[in-house]
Amino acid sequence: MNDFEFFSDIDDILAEFGASPDEPSSAYDNSVFDDENEEYYAEEEESIAEEPEEYSFPEAEEYIPEESFSEEEEFPAEEELEPVLPRRRERPEQRPESHSGRSGRKADPGRGVPEKPKKKPETRPTRERKLTKEELFDSAEVVANKSISGFKRFVLAFTGLVFGAAALIVLAWMLLNIHPDSSMASAQLTAKKRSDVVTRLDAYSNNMKGELLGDLTYIRKQYKIPEGDLVAPLAPRYNYGSTTDPKEVLAVIEEARGYGLLEDQDVIFSENVDFYYDSTIEYYCDETLLAICWKELIDNRIVSCMEVKIADGSQIRRKLAEDTYGSSQYVYATELASQCNAVAAINADYYAFRDLGITVYDRRLYRFDEGAYSGTYDKYNATDTLFVNSSGDFIAFRMGEQSTREDMEKFIQDNNIIFAVAFGPVLVDDWTQQWNEWYPIGEVDKEYSRAGIAQYDKLHYLYMTVSFADNPNEYHPRCTINEFAALMAGKNVRLGYCLDGGQTGELVFNGKPYNHIDFGTERTVSDIIYFASAIPESER
């Protein structure tokens, strides 16, 4: 059947289903044949195909494009085609039972329309659409933007490299120029940072356990003063005390035990000693530091003592004038103690006064004499040296035991040495008094005011001075080096070391000198050793 035969039979088909050829159906209210109606009727037929069916129309023959008709074939005029249905490219395979646009009667399959098996409509292949000019311009703009974006990435990467190189150059310059001594190995700096980070993490973990367990068990919090901090936390005034009653001090010691600060250690302080009659007992106590200062008479000598127990090795520290090695400034010990918030402070070795011995500060080796000393003591190349590591332990080297600068730097790194002082000699070693017949400095065989520091136990220290009385009408002898060593050993310390004495020897507690200073006035110095509380001010 061709298209002309199909169109000539439309009137018969409409008549058969009850539709009048003279009146258009309500579903097809526009009989003009155009592309818009063709699209509309195609969508209408698809919606009809989804309704329930009673019979199927025979499949329409393949649609032949308009270009395939010959010029001799003529179509009826538009007036004559009314109400002819427009041509459809594809007929639905099935016809529903009824449709509101027809006459409303049910279709009868027995009236000349044969049934046909169901068949899915074939999918019409998608025609390839050509891009418009606007879309072509948009595509070109995207490609251009991608090219520009790639160029920007290249510029940014190049700029990052330039700034990175500049930062490295500035960093190298700072390391070589800011500090007067740039010869320290970078491994020492790394060790310092690593030690600081590890201890902070350990303290944080322990503190969290204590807070989580609450009242179930008591875990003492751990605090640490960072090595790089030049100022320690300020100790509150209410933790200081002063008394003439030794029993009050014993109560403070029990308070420290309650904090877990003393652990199972004994204390040096005793209520049974012969206290100097014109003196008070000063003390300080918090969860991280216990300090007790007293004066007693031993062989008619006025011996000023300070016992200190700390919770962490970071609480024993060294401070230099202007916080810089080699500074030309000299400052009173009380002023240096105030600058760093020290609870208690003592004079160190006065390193700026002489160039003898080994000096370590902030993990750096600043002074090391490998050759023979060229001064008065030409047979000796150094002094005894006291090293203090990050755990707060004392390590002593005797004069002449050092070998090379490289070996000393390795020793500092391997043992986490924070600072070292060079005066001496060693007074007590392994709980045993050391006898010194001769020593390059300090006039060992003469009677002088003496000062020294010792480690009694783990994080437990003693500072001692022997000096005149505050009252000029009183006479109390001072001592030689060996006599001073005997006094130090009598306190049962593990390791004792002599510091600069005379007018330099000074014990500062709560911002004031505690012992008598020669000539009655402070002497400006270059450095101190001090003890500080580690509790942050935010937790006071």
Side-chain angles (χ1 to χ4, degrees), residues 180-181 304 306 316-340 342 344-362 364-369 373 375-377 380-388 394 396-397 399 418-427 436 439-444 446 448-454 461 463-467 478-479 481 484 488 496-508 513-531:
D181 185 356
S304 299
M306 180 179 67
I316 178 172
R317 309 170 74 80
R318 186 182 188 186
K319 180 174 179 59
L320 307 184
E322 297 187 319
D323 298 306
T324 304
Y325 178 81
S327 170
S328 60
Q329 296 295 317
Y330 298 98
V331 185
Y332 292 121
T334 52
E335 185 177 346
L336 290 174
S338 176
Q339 291 175 3
C340 58
I346 59 177
N347 64 285
D349 60 358
Y350 205 160
Y351 79 94
F353 188 75
R354 60 187 62 83
D355 60 356
L356 188 65
I358 299 171
T359 299
V360 178
Y361 172 68
D362 198 21
R364 302 182 184 184
L365 177 61
Y366 285 103
R367 188 170 65 201
F368 183 84
D369 184 13
Y373 186 67
T376 305
Y377 317 107
Y380 298 90
N381 62 356
T383 62
D384 292 356
T385 305
L386 180 68
F387 298 91
V388 182
F394 288 0
F397 268 28
M399 54 183 177
I418 304 298
F419 66 88
V421 290
F423 197 92
V426 173
L427 303 174
N436 293 276
Y439 197 71
I441 53 177
E443 293 79 24
V444 296
K446 295 182 179 180
Y448 273 96
S449 295
R450 304 291 177 177
I453 188 172
Y461 312 94
Y463 177 76
M464 178 186 288
T465 67
V466 177
S467 58
R478 295 169 292 173
C479 55
I481 282 290
F484 187 55
M488 186 78 76
Y497 185 82
C498 189
L499 296 171
D500 195 0
Q503 190 182 8
T504 307
E506 182 177 1
L507 192 169
V508 179
Y514 181 78
N515 66 312
H516 174 77
I517 302 172
D518 285 4
F519 311 111
T521 182
E522 285 187 86
R523 181 187 187 185
T524 56
V525 293
S526 58
D527 54 315
I528 61 171
I529 297 172
Y530 70 97
F531 300 90

**Asked** Just wondering, more than 12 heavy atoms not from F353 lying within 6.0 Å of its CZ?
**Response** no

**Request:** Tell me, with the steps shown, if R450 and D500 meet salt bridge (charged side-chain N to carboxylate O under 4.0 Å, His left out).
**Result:** CA-CA 7 Å; R450 304 291 177 177; D500 195 0; over 6 Å; no

**Request:** Would you mind reporting whether P440 and M399 have side-chain heavy atoms less than 4.5 Å apart?
**Result:** yes

**Asked** Taking the side chain as C-beta and beyond, is there a heavy-atom pair between I453 and L386 under 4.5 Å?
**Response** yes

**Message:** Looking only at side-chain N and O atoms, does N347 offer a donor or acceptor that is under 3.5 Å from a partner on Y463?
**Reply:** yes

**Asked** Considering only heavy atoms from C-beta outward, does the side chain of F387 approach that of F397 to under 4.5 Å?
**Response** yes

**Request:** Evaluate the side-chain proximity of D362 to I418: yes if any heavy-atom separation is below 4.5 Å, no if none is.
**Result:** no

**Request:** Measure the shortest side-chain to side-chain distance between Y461 and I316 over non-hydrogen atoms and say whether it is less than 4.5 angstrom.
**Result:** yes

**Prompt:** Roughly how far apart are S526 OG and Q329 CD, rounded to 0.5 Å?
**Reply:** 11.5 Å

**Complete:** Nearest heavy-atom approach of A337 to I528 is N-CD1, 3.7 Å

**Asked** Atom CD of E506 and atom OG of S449: how far apart are they, to the nearest 0.5 Å?
**Response** 12.5 Å

**Short side-chain to backbone donor-acceptor contact, T383 and G357, under 3.5 Å** = no

**Asked** So do Y330 and R523 actually touch side chain to side chain, heavy atoms under 4.5 Å?
**Response** no

**Item:** Nearest heavy-atom neighbours spanning A454 and G496
**Value:** CB-CA, 3.8 Å

**Prompt:** Given the rule in the side chain to side chain contact (heavy atoms under 4.5 Å, CB included) test, do V525 and L336 qualify, once you have shown the distances and angles that lead to the verdict?
**Reply:** CA-CA 9 Å; V525 293; L336 290 174; 4.2 Å; yes

**Item:** Side-chain (Y350) to main-chain (T524) donor-acceptor, under 3.5 angstrom
**Value:** yes

**Asked** If you measure only the distance, is there a donor-acceptor pair under 3.5 Å linking the side chains of Y530 and R317?
**Response** yes

**Request:** Before giving the answer on side chain to side chain contact (heavy atoms under 4.5 Å, CB included), spell out for L427 and F484 the whole-Å C-alpha distance, their side-chain angles and the decisive distance to 0.1 Å.
**Result:** CA-CA 8 Å; L427 303 174; F484 187 55; 3.5 Å; yes

**Request:** Working to the nearest 0.5 Å, report the span between CD1 of I529 and CG of L499.
**Result:** 5.5 Å

**Y351 backbone acceptor or donor facing D349 side chain under 3.5 Å** = yes

**Message:** Under a 4.0 Å threshold between the charged nitrogen and the carboxylate oxygen, would D518 count as salt-bridged to R478?
**Reply:** yes

**Asked** How long is the span from the SG atom in C479 to the OH atom in Y448, to the nearest 0.5 Å?
**Response** 13.0 Å

**Prompt:** Which atoms form the tightest heavy-atom contact between R318 and A420, and what is the distance?
**Reply:** NH1-O, 2.8 Å

**Under 3.5 Å: donor-acceptor pair, side chain of E522, backbone of T334** = yes

**Asked** What pair of heavy atoms forms the shortest contact from G505 to I517, and how long is it?
**Response** O-CG1, 4.4 Å

**Request:** Apply salt bridge (charged side-chain N to carboxylate O under 4.0 Å, His left out) to K319 and D527, showing your working.
**Result:** CA-CA 6 Å; K319 180 174 179 59; D527 54 315; over 6 Å; no

**Prompt:** Rounded to the nearest 0.5 Å, how far does CD of Q339 lie from CG of D323?
**Reply:** 7.0 Å

**Request:** Indicate yes or no: at least one non-hydrogen side-chain atom of M306 is less than 4.5 angstrom from one of F531.
**Result:** yes

**Request:** Check whether any side-chain N or O of N515 sits under 3.5 Å from a backbone N or O of S304 as a donor-acceptor pair, and report yes or no.
**Result:** no

**Message:** Are the side chains of I481 and P425 in contact, using a 4.5 Å heavy-atom criterion?
**Reply:** yes

**Request:** Answer yes or no: is there a donor N or O on one side and an acceptor on the other, between the side chain of T324 and the main chain of E322, under 3.5 Å?
**Result:** yes

**Prompt:** Are R367 and Y325 close enough, and set up right, to give a side chain to side chain contact (heavy atoms under 4.5 Å, CB included), and what steps lead you there?
**Reply:** CA-CA 10 Å; R367 188 170 65 201; Y325 178 81; 3.9 Å; yes

**Request:** For the pair I358 and L365, evaluate side chain to side chain contact (heavy atoms under 4.5 Å, CB included) and give the outcome as yes or no after the intermediate values.
**Result:** CA-CA 8 Å; I358 299 171; L365 177 61; 3.6 Å; yes

**Request:** Please check if the side chain of Y497 supplies one atom and the backbone of D384 the other of a donor-acceptor pair under 3.5 Å.
**Result:** yes

